[in-house]
Amino acid sequence: MKKLNIHNLKAKEIKKLHTWLRALIQILYFLFLPSVYTAAFAGVKYIFTQIGAGEVIGLTSFVTVLIVLCAYTILFGRFFCGFACAFGSLGDGIHAFYIWCFKKKKKKPVLLSEKITEKLSYLKYLVLTVIAVLCFAGIYGKAKGTSPWDVFSMLHAGNFHLQGYLPGVILLLLIIVGGMCLEERFFCRNLCPMGAVFSLLPVLPFFALHRDRENCIKGCSGCTKKCPSGIGLPEDGSLKVEGDCFQCQKCIDTCPKKHIHTGIKGLKGNEFWFTILRAILLLVIMIWAGV
Ligand code: SF4
Ligand code: SF4
Ligand code: SF4
């Protein structure tokens, strides 16, 4: 059997390989490990509830998942968001289907403008603050049935007993039709409270993405335009890390000059293997954490 040597492939072939690999990892996590994000956010809610009640914070299974996922994100960036979160993958699938439908009809898709989405992106901090305050005050239970996440998790698990979840169902539909269709990663970028937690984490710069800005094509902003978060990546050597970067790696394949890479330059061109390594590592620690 012929050995796969990524370095011998053309840029187009590498891009195709990365796209298929990402789709495969997303599908596998979506099917077999869909509850990581709900478990981790249950940990966040539990911590605020315990603080509000003046109770001890125990190392529950949810808190363990939260700690492990945050530690992984501090080291590798938001790889979980880009590749393994079921709700993020749902958004990717819906947006891709919406774009495909317009392509079929040979029409331009209706999309939210970058100006609007830039402003909306602060909403996730408000959502996180409101949930944290409700938990702290011990009244989050009264908001039961309003979470689109919970509704999605129930549907994913084949549980259609949605009595009492009408607000959550309506919100989920609104997010799908009015958000996920019109903007790639709409929920992640603008509304996700877990995404707000991740974006506030102090991510280490080793595996974060930077670009060789000095040698960029004059006037080029291809990577920023392709980025679902609209990020203009920091320069090489910078210690700045973009908390809103989902590590989807689309920018890497977009750049015609191959200027985008992690802080560890030895990984340049080996993103394929590094992605597999991170996906396996995440799987192992999630199984260990009992998800
Ligand atoms: S931002 Fe939230 S919904 Fe999006 S991928 Fe991350 S955890 Fe999942
Ligand atoms: S396109 Fe690049 S900068 Fe934008 S979210 Fe994906 S990995 Fe991060
Ligand atoms: S796509 Fe490449 S050349 Fe263009 S701005 Fe981004 S890093 Fe620079």
Side-chain angles (χ1 to χ4, degrees), residues 11 15 18-19 22 26 29-30 33-44 65-66 69-70 72-73 76-95 121 123-125 127-128 147-149 152-153 172 175 179-180 183-201 203 207-236 240-262 268 271 274-275 278 282:
K15 186 177 172 183
H18 285 166
T19 308
R22 180 160 180 249
Q26 285 189 291
Y29 268 95
F30 185 92
L33 226 61
S35 55
V36 180
Y37 65 95
T38 34
F41 196 60
V44 174
V65 173
L66 175 67
L69 198 55
C70 286
Y72 180 91
T73 303
F76 290 120
R78 294 173 63 180
F79 180 84
F80 168 74
C81 286
F83 283 77
C85 173
F87 212 70
S89 299
L90 174 80
D92 279 343
I94 286 172
H95 186 72
S121 65
L123 265 180
K124 59 181 176 289
Y125 301 109
V127 174
L128 175 64
S147 165
W149 266 10
F152 169 69
S153 296
L172 182 62
I175 287 167
M180 287 174 171
E183 188 200 357
E184 189 177 1
R185 289 285 174 144
F186 171 86
F187 182 79
C188 303
R189 192 176 176 189
N190 308 317
L191 296 176
C192 179
M194 196 61 223
V197 172
F198 286 143
S199 74
L200 294 170
L201 284 179
V203 176
F207 302 111
L209 295 176
H210 294 98
R211 59 182 168 174
D212 178 3
R213 194 66 180 135
E214 220 174 275
N215 295 311
C216 275
I217 301 165
K218 213 172 166 218
C220 178
S221 58
C223 48
T224 307
K225 278 185 191 144
K226 189 76 186 167
C227 174
S229 248
I231 290 171
L233 283 166
E235 288 186 21
D236 268 353
K240 196 174 165 220
V241 172
E242 285 293 347
D244 280 330
C245 172
F246 306 124
Q247 282 280 341
C248 68
Q249 301 184 19
K250 284 190 166 181
C251 52
I252 298 177
D253 292 328
T254 301
C255 179
K257 297 277 239 174
K258 299 277 158 231
H259 274 179
I260 298 173
H261 42 81
T262 65
K268 196 176 172 185
E271 287 83 8
F274 187 47
T275 296
R278 282 185 292 182
L282 183 61

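Each ligand, and each atom within it, is numbered from 1 in the order the structure gives. Quick note: residue numbers are just sequence positions, from 1.
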- Item | Which of the ligand 2 atoms, numbered from 1, are nearer than 4.0 Å to a heavy atom of C251 | 1 (S), 2 (Fe), 3 (S), 7 (S)

- Give a yes or no answer on whether the side chain of T224 reaches the backbone of I231 with a donor-acceptor pair at less than 3.5 Å. yes

- N/O donor-acceptor pair under 3.5 Å between R211 side chain and L233 backbone: yes

- Task: Note the single closest protein heavy atom to atom 8 (Fe) of ligand 3, along with its residue, its atom name and the distance in Å.
- Result: C216 SG, 2.2 Å

- Query: Does S121 offer a backbone N or O that forms a donor-acceptor pair with the side chain of R189 under 3.5 Å?
  - Reply: no

- Could D212 and K257 be called an ion pair, given the rule that one side-chain N must be under 4.0 Å from one carboxylate O? no

- Per-residue contact class, T254 against ligand 2 - non-hydrogen pairs under 4.0 Å: neither

- Query: So is K226 in contact with ligand 3, going by heavy-atom distances below 4.0 Å?
  - Reply: no

- Look at atom 6 (Fe) of ligand 3 and say which protein heavy atom is nearest, naming residue and atom and giving the distance to 0.1 Å. C223 SG, 2.4 Å

- F83 and Y29: CA distance, side-chain angles, deciding distance, side-chain contact (heavy atoms from CB on, under 4.5 Å) verdict: CA-CA 8 Å; F83 283 77; Y29 268 95; 6.0 Å; no

- Contact summary for K124 and C188, nearest pair of heavy atoms: CD-O, 4.0 Å

- With heavy atoms of L209 as the reference, note each atom of ligand 2 found under 4.0 Å away. 7 (S)

- Query: If you measure from each heavy atom of I217 to ligand 3, is any distance below 4.0 Å?
  - Reply: yes

- Task: Report the nearest protein non-hydrogen atom to atom 7 (S) of ligand 2: residue, atom name, distance rounded to 0.1 Å.
- Result: Q249 N, 3.1 Å

- Is a salt bridge present between R185 and D92, judged by a nitrogen-to-oxygen distance below 4.0 Å? yes

- Query: Under 4.0 Å from ligand 1, counting heavy atoms only, is it the side chain of C192, its backbone, both or neither?
  - Reply: side chain

- Message: Between T73 (side chain only) and F198 (backbone N and O only), is there a donor and an acceptor less than 3.5 Å apart?
- Response: no

- Message: Quick check on contacts: which atoms of ligand 2 are under 4.0 angstrom from a heavy atom of Q247?
- Response: 7 (S), 8 (Fe)

- Item | Option with minimal heavy-atom separation from atom 1 (S) of ligand 1, where the choices are R78, K124, R189 | R78

- Query: Closest non-hydrogen protein atom to atom 5 (S) of ligand 2, residue and atom name please, with distance?
  - Reply: F246 N, 3.3 Å

- Message: Suppose I only count heavy atoms of G195 and a 4.0 Å limit; which atoms of ligand 1 are within that range?
- Response: 1 (S), 2 (Fe)

- Message: My understanding is that we take every heavy atom of each candidate and find the minimum distance to atom 4 (Fe) of ligand 2. Doing that for G230, C255, C245, C227, which one comes out nearest?
- Response: C227

- Item | From CA spacing to verdict: side-chain contact (heavy atoms from CB on, under 4.5 Å), L69, Y37 | CA-CA 9 Å; L69 198 55; Y37 65 95; over 6 Å; no

- Short N/O/S contact of C248 with atom 6 (Fe) of ligand 2 (below 2.8 Å): yes

- Element-labelled atoms of ligand 1 that are located less than 4.0 Å from some non-hydrogen atom of C85: 3 (S), 5 (S), 7 (S), 8 (Fe)

- Message: If the cut-off is 2.8 Å, does any N/O/S atom of C81 fall short of it from atom 6 (Fe) of ligand 1?
- Response: yes

- What is the minimum heavy-atom distance between P234 and K240, and which atoms define it? CG-O, 3.5 Å

- Message: Show me which atoms of ligand 1 lie under 4.0 Å from any heavy atom of R185.
- Response: 5 (S)

